[in-house]
Each structure stands twice: as structure tokens, then as C-alpha cells.
Amino acid sequence: MTLHDLWLIIRHYAKWVIAVPLACMLLAGGYMYVSDHMKAQNFTATSTLTVTDPTALLGTASLSNLMDALAQNQVANLGDDAAATAKSDPATQSITFTVTGGSEEAAVAAANDMAAKTADAIKESLNEQADNYLNAVDQTGEASVIGDGGAVSSGTTTADRVAALRSCVFTISEAKQASSSASSGVMKYAAVGLVGGLFLVICALALMDSVRRPIKSKADIAEVTDLPVLMDGNTAKDGERLWANIQFSVADPQSVCVIPISGPARKDISSLIVRAVDGTCAAASGELANSVSAASKSLVVEDCASLNEEIAGACIARGADATVVVVRPWDDKAACLRDALSELQLARANVVGIALVK
């Protein structure tokens, strides 16, 4: 199947190509919407705690480890009404709390409460460390400070160390509102349903086309026979083109047989031929008008049903000067056209071409 064939299929079955993906989108989105609203936890709030050491005397690694340990304690102490996570960032000396709860108010309150309790716990721990330093040093008040890399920094007094522990700044970015996971989930599933439905309907139509092999255009006819397509449409101009092509194939035809490969007789095609002949007479002048008028009076156009319905059409086609086979695009199959042409060949009918008419 070529891309042109695929485009013809999509255009012909445009209603299905639109309706099926939309239905899949609504089903997938509706399922996710109902599923999300049946869950107890739908709202997520986020708060951030940042600890700053203005003196730059405290070890960043030890301070980050302390912050993370105390934040995880708060997560562990959270009740079953909500779920929470705490993620630390040593580079910014911050901790992000993410709480998911059954309501927006509960999620926001829990996120802010965890950040505040963690800040209090860190502050209490740092103050305790400061007190321990004061109790452990000698009366001279001199002490060494060990940095993150294990190097000893001299020149820092116990008072400096204690001041650093007690001067940390705590900043809390509180959660103002909670986001609902329902909306994002619905949109995501709806998009998946739309794309999936489009893929499925195109695959189904392509499979059906490969099985049925309907005649869609002139290219499909060319795969079956070398006969020309004399007419593609059912307007008056198409009828004139059909009559002209018949005359190009047979000089001065006196009888024309119109036979479809399926269905009843096509009187509309014969009437187009008659109208085309009358139009030629009206446009002609002089000797040409006399000859065309005589031809139009003696021309016989036979309407026949398909050979599947009655075999009489083969007998009429055998005796006609020219036979035109009518093919209905999308309704008639390539196999039916092949069978009809084989029977007409057996009847020794003079098939001059194909009329591709809906």
C-alpha cells in the first residue's frame, strides 16, 4: 500500500477516522477522571526549607546530613492520612517536602507543618551542639575547627563556633496551594487515547482495504487491465468525454452496451451518452451536422444489468459495436472487475474502456 492509497482511505473514511479517536479519547480520559476521583489522595503540595550559615564556619556536609536526617524523621512521623517525601539539596542547603493528601487544605497544611517542625528540630540540634562546645572547651576559650575535608582551621575561637551554630538563618518557602493530579492524568490519558484510537482505526482500515481490495482510483484499475478509463465522474462534461472516447475507439458506432460489474443497469450512464450525442449535433454545422444527426438517430444504447444478475448482458455486449464497463469506486472490487472482463472476453465483446462512476 502506498501513501497515496493510505490518504485515499483516510479521506474516504474520514468520519471513522475522526469518530473513533475521539471516542477513544473520551473513554480513556473519562476512565482516568473517575479513577482519580475515587482515590483518597489527589492533591500535592510542596514546601522548601533552606538553612544558611552567614559565618561560613560550619561544615556543609555535616549540616546537610543533619538536615536530611531530621527531615526524614518528620516524614516517618507523618500519619496515614497523607504521603510525603523529603529531598535534600546539599548545593543549596535546602530540603523540599512534597505531601500528597486527600484535600488541598490538608496537603498544604502538612507540607508547611513539616518544614516548620524540621526547622525547629535543626535549630534545637544546633543549639545543643553549641552548648556542648561551651561545656567541652577549657577556660582559655581556644579551639580548632575541623572542616569538611578533614583539614584543621586554626584561629577560630569557641565563641566563633558557638556563634556560627546559633546564627544560622532558616527560610521556609511555604506551599500556597496544592496541584491536583487528576487534571494532568486525564489530559495524558486522553492524548494517549486519541493517538491510540487514530492508530487503531488506520490499521483496521488498511487491513480491510488489503482484504477487500476495492477499486479506489484509476491506479487500481491499471493493476487489473490495460483498458483505458474513458470517464471519471458523472457530470454532463464527463458524458461528453465518454462519448468522444467511444468514437475514438470505434469509428461511427451504431450500438453501445453499458454494463456494470455489479448491481442493476446504469440508465444514468446511457442518458449521459444520449445527451452528449444531442449536444454534438447542436454544436455541429454543415455536412458534419448532417452526418452527426444521422449517427445520433441510428445510435442504440443498451442498458444491461451486471453479469452476476443476468447473463443476457454478455449476449448484448457481444453484438454491440462498443461495450463500456461501469465500475463504482469503493463499492466494486478488483477481483469482480477481473471476472467481468474475463466473461466479456469469452463473449468476444468489444470492450473499449472503463467508466469510473459512483
Side-chain angles (χ1 to χ4, degrees), residues 25 27-132 148 162-193:
M25 180 185 70
L27 289 175
Y31 170 79
M32 191 60 189
Y33 179 83
V34 174
S35 178
D36 281 340
H37 282 73
M38 291 180 63
K39 295 178 181 178
Q41 300 176 358
N42 285 325
F43 295 90
T44 301
T46 302
S47 62
T48 304
L49 168 63
T50 303
V51 181
T52 306
D53 174 21
T55 64
L57 295 177
L58 301 180
T60 56
S62 59
L63 182 58
S64 295
N65 292 335
L66 175 64
M67 293 169 58
D68 185 66
L70 295 177
Q72 298 304 329
N73 288 338
Q74 293 298 323
V75 173
N77 293 332
L78 187 66
D80 297 333
D81 295 337
T85 58
K87 183 178 181 181
S88 61
D89 185 1
T92 59
Q93 294 294 106
S94 63
I95 298 179
T96 301
F97 298 92
T98 303
V99 179
T100 303
S103 65
E104 182 176 6
E105 295 78 8
V108 171
N112 294 335
D113 185 62
M114 290 182 67
K117 288 183 178 180
T118 302
D120 292 339
I122 296 173
K123 188 181 300 183
E124 182 180 352
S125 178
L126 294 178
N127 289 333
E128 184 178 351
Q129 291 184 35
D131 294 338
N132 291 336
D148 292 339
V162 171
L165 291 170
R166 291 180 174 176
S167 62
C168 288
V169 178
F170 297 84
T171 304
I172 298 177
S173 298
E174 294 186 342
K176 302 300 182 182
Q177 59 184 5
S179 61
S180 174
S181 60
S183 58
S184 60
V186 168
M187 294 302 296
K188 180 173 68 176
Y189 271 70
V192 171

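We find the CG-CD distance between Leu70 and Gln74 to be 8.0 Å, quoted to the nearest 0.5 Å. One distance of note links SG of Cys168 with CG of Leu58; it measures 5.0 Å at 0.5 Å rounding.
Shortest non-hydrogen contact noted between Ala83 and Leu78 is C-CD2, 4.2 Å. The nearest pair of heavy atoms linking Leu57 to Ala164 is CB-CB, 3.9 Å. Here the shortest heavy-atom pairing between Ala175 and Ala111 reads CB-CB, 4.4 Å. The two residues Ala110 and Val99 make their nearest non-hydrogen contact at CB-CG1, 3.6 Å.
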Stepwise, does the side chain to side chain contact (heavy atoms under 4.5 Å, CB included) test hold for Asn112 with Ile172?
CA-CA 8 Å; Asn112 294 335; Ile172 298 177; 5.6 Å; no
Could you go through the side chain to side chain contact (heavy atoms under 4.5 Å, CB included) check for Leu126 and Phe170 one step at a time?
CA-CA 12 Å; Leu126 294 178; Phe170 297 84; 4.1 Å; yes
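Applying the salt bridge (charged side-chain N to carboxylate O under 4.0 Å, His left out) rule to Asp113 yields the partners Lys117; only residues at least two apart in sequence or on another chain are considered. Residues that satisfy the side-chain contact (heavy atoms from CB on, under 4.5 Å) test with Thr98, not counting sequence neighbours, are Thr44, Thr46, Thr85, Thr96. Remark: Gln129 pairs with no residue by the side-chain hydrogen bond (donor to acceptor under 3.5 Å, both in side chains) rule, at least two apart or across chains. Under the side-chain contact (heavy atoms from CB on, under 4.5 Å) criterion, Ser94 pairs with Thr48, Thr50, Asp89, Thr92, not counting sequence neighbours. Checked against salt bridge (charged side-chain N to carboxylate O under 4.0 Å, His left out), Lys123 has no partners two or more places apart in sequence or in another chain. Qualifying side-chain hydrogen bond (donor to acceptor under 3.5 Å, both in side chains) partners for Asp53, counting only residues two or more places apart in sequence or in other chains: Thr55. With sequence neighbours excluded, no residue forms a side-chain hydrogen bond (donor to acceptor under 3.5 Å, both in side chains) with Asn65.
Here the side chain of Glu104 pairs no donor or acceptor atom with the backbone of Phe43 at under 3.5 angstrom. In this structure, the side chain of Asn77 engages the main chain of Asn73 through a donor-acceptor pair within 3.5 Å.
Applying the side-chain hydrogen bond (donor to acceptor under 3.5 Å, both in side chains) definition to pairs two or more places apart or across chains, those involving residues 165-178 are Asp131-Arg166.
The shortest side-chain heavy-atom distance between Thr52 and Gln93 does not fall under the 4.5 Å cut-off.
Among the candidates Thr118, Ile95, Leu63, the single residue satisfying the side chain to side chain contact (heavy atoms under 4.5 Å, CB included) test with Val51 is Leu63.
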